[in-house]
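Contents: one structure, followed by commentary.
Residue numbers start from 1 in every chain, and the chains themselves are labelled A, B, ... in the order their sequence lines are given, proteins ahead of strands.
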Protein chains: 2
Amino acid sequence: MGVVTAPKQDRSRATRQRLLAAAVACLAEHGWAGSTVSAVAERAGVSRGAAQHHFPTREDLFTAAVEYVAEERSQALRALPTQDRTAVVAALVDLYTGPLFRAALQLWVAASNEEQLRSRVTELEARVGRDTHRIAVQLLNADESRPGVRETVQGLLDMARGLGLANLLTDDAARRDRVVAQWAGLLDEALG
Amino acid sequence: MGVVTAPKQDRSRATRQRLLAAAVACLAEHGWAGSTVSAVAERAGVSRGAAQHHFPTREDLFTAAVEYVAEERSQALRALPTQDRTAVVAALVDLYTGPLFRAALQLWVAASNEEQLRSRVTELEARVGRDTHRIAVQLLNADESRPGVRETVQGLLDMARGLGLANLLTDDAARRDRVVAQWAGLLDEALG
């Protein structure tokens, strides 16, 4: 039986991952209003029935998708080599300028208007936020036992989120690089 | 004729302002998908025909609404008494936690998916952003001729935007106050 089951599980897992990747891309490009299980199934080349087997509701699919990609990003971030703080700040800010941030933003904004999304997305946001904060503290080699250090790092991540928002409609990369360089210096002094 | 015309103009202006206020509230509560000229007209107690006389398209109404409230906020900010930098930072951050920010966020996110909104909202965002930056520099008494000062202030406004986003689904006031207190101190040192 094991010989038959293993490839089946692999296929099922591959289908799930194709659906999650397609869901993030769909959300980033078309927003919540344009994101349905059918649209994602088609994009992933999976039947609607198979998609609904993996994700019974639209909310299941899209919250799982944002969480999956957020975890992939966290893993990539944890694997970064030790480097200077300016490079770390730039890497953290980069988290908020790509398709994952766009997809998450669409989900957050939809959740602010739709009751059935709200509690799930709130919980997801809190979990991803704590995780990102923990990684940032480690990469920045920040000593949170010192007063103010926790809030310094939090403010940096708030700034990164704001930079992501500023990049939503236009390519803000040139301005962003200058802001990141300046704030990385302020942060370095503050963290000691 | 002047006697007849003046009250007519006043009425027309009052109708326009009621529509703009209702549009911001509608956008903040129901998002772009739930925001139509009809819904706003009903909320404002104005006929659909009168609403369309003032704002021929949905895009006209909602971009005008966000711009109108942004200008009101800028005026209130400019009228602030001279105060210490911590109070100024708190006042700037406050701009991003109320219904105007929620409404603007809904419009930005919708514009990222809808071609006919995109150029108008991009232009509006740039204008409001420049205006806010100018006011921030003045209130913070920041000398932009010194290297890095411009980027320090920009980063602060990016952080304020990110704090607004963090407040979208949950009341983030307690954490925000600590972040603002900490970064107001760092900023004060940086601005000299």
Using non-hydrogen atoms only, which part of B:A28 is less than 4.5 Å away from chain A: side chain, backbone, both, or neither? backbone

Which of residues 143-155 of chain B get closer than 4.5 angstrom to chain A, counting heavy atoms alone? B:G148, B:E151, B:T152, B:Q154, B:G155

Who among A:E114, A:R178, A:R175 has the most heavy-atom pairs with chain B under 4.5 Å? A:R175

Could you check which of B:V179, B:T170, B:L169 has the highest count of heavy-atom pairs closer than 4.5 Å to chain A? B:L169

Only one of B:E29, B:Q106, B:R102, B:H30 passes side-chain hydrogen bond (donor to acceptor under 3.5 Å, both in side chains) with A:N113, and that residue is B:Q106

Around atom CD of B:Q52, are there more than 12 heavy atoms from other residues, nucleotides or ligands closer than 6.0 Å? yes

Check whether more than 12 heavy atoms from other residues, nucleotides or ligands sit under 6.0 Å from atom CZ of B:R13, and answer yes or no. no

Using non-hydrogen atoms and a limit below 4.5 Å, what part of residues 85-100 of chain A faces chain B? none

Is it true that, when you exclude B:E115 itself, more than 12 heavy atoms of the residues, nucleotides or ligands shown sit nearer than 6.0 Å to its CD? no

Could you measure the distance from the CG atom of B:L168 to the CZ atom of A:R118? Nearest 0.5 Å is fine. 7.5 Å

Just wondering, more than 12 heavy atoms not from A:Q138 lying within 6.0 Å of its CD? no

Measure B:E125 against the heavy atoms of chain A and call it side chain, backbone, both or neither at under 4.5 Å. side chain

Taking 4.5 Å as the heavy-atom cut-off, does anything in residues 156-167 of chain A contact chain B, and if so which residues? A:L156, A:D158, A:M159, A:R161, A:G162, A:L163, A:L165, A:A166

Of A:L187, A:L105, A:V180, the largest count of non-hydrogen pairs under 4.5 angstrom with chain B goes to A:L105

Does the pair A:L186 and B:L186 meet the rule for a side chain to side chain contact (heavy atoms under 4.5 Å, CB included), with working shown? CA-CA 7 Å; A:L186 298 179; B:L186 296 178; 5.8 Å; no

Once ring-ring contact (aromatic ring centres under 6.0 Å, His included) is applied, what residue pairs with a partner in residues 132-190 of chain B remain, sequence neighbours excluded? A:W183-B:W183

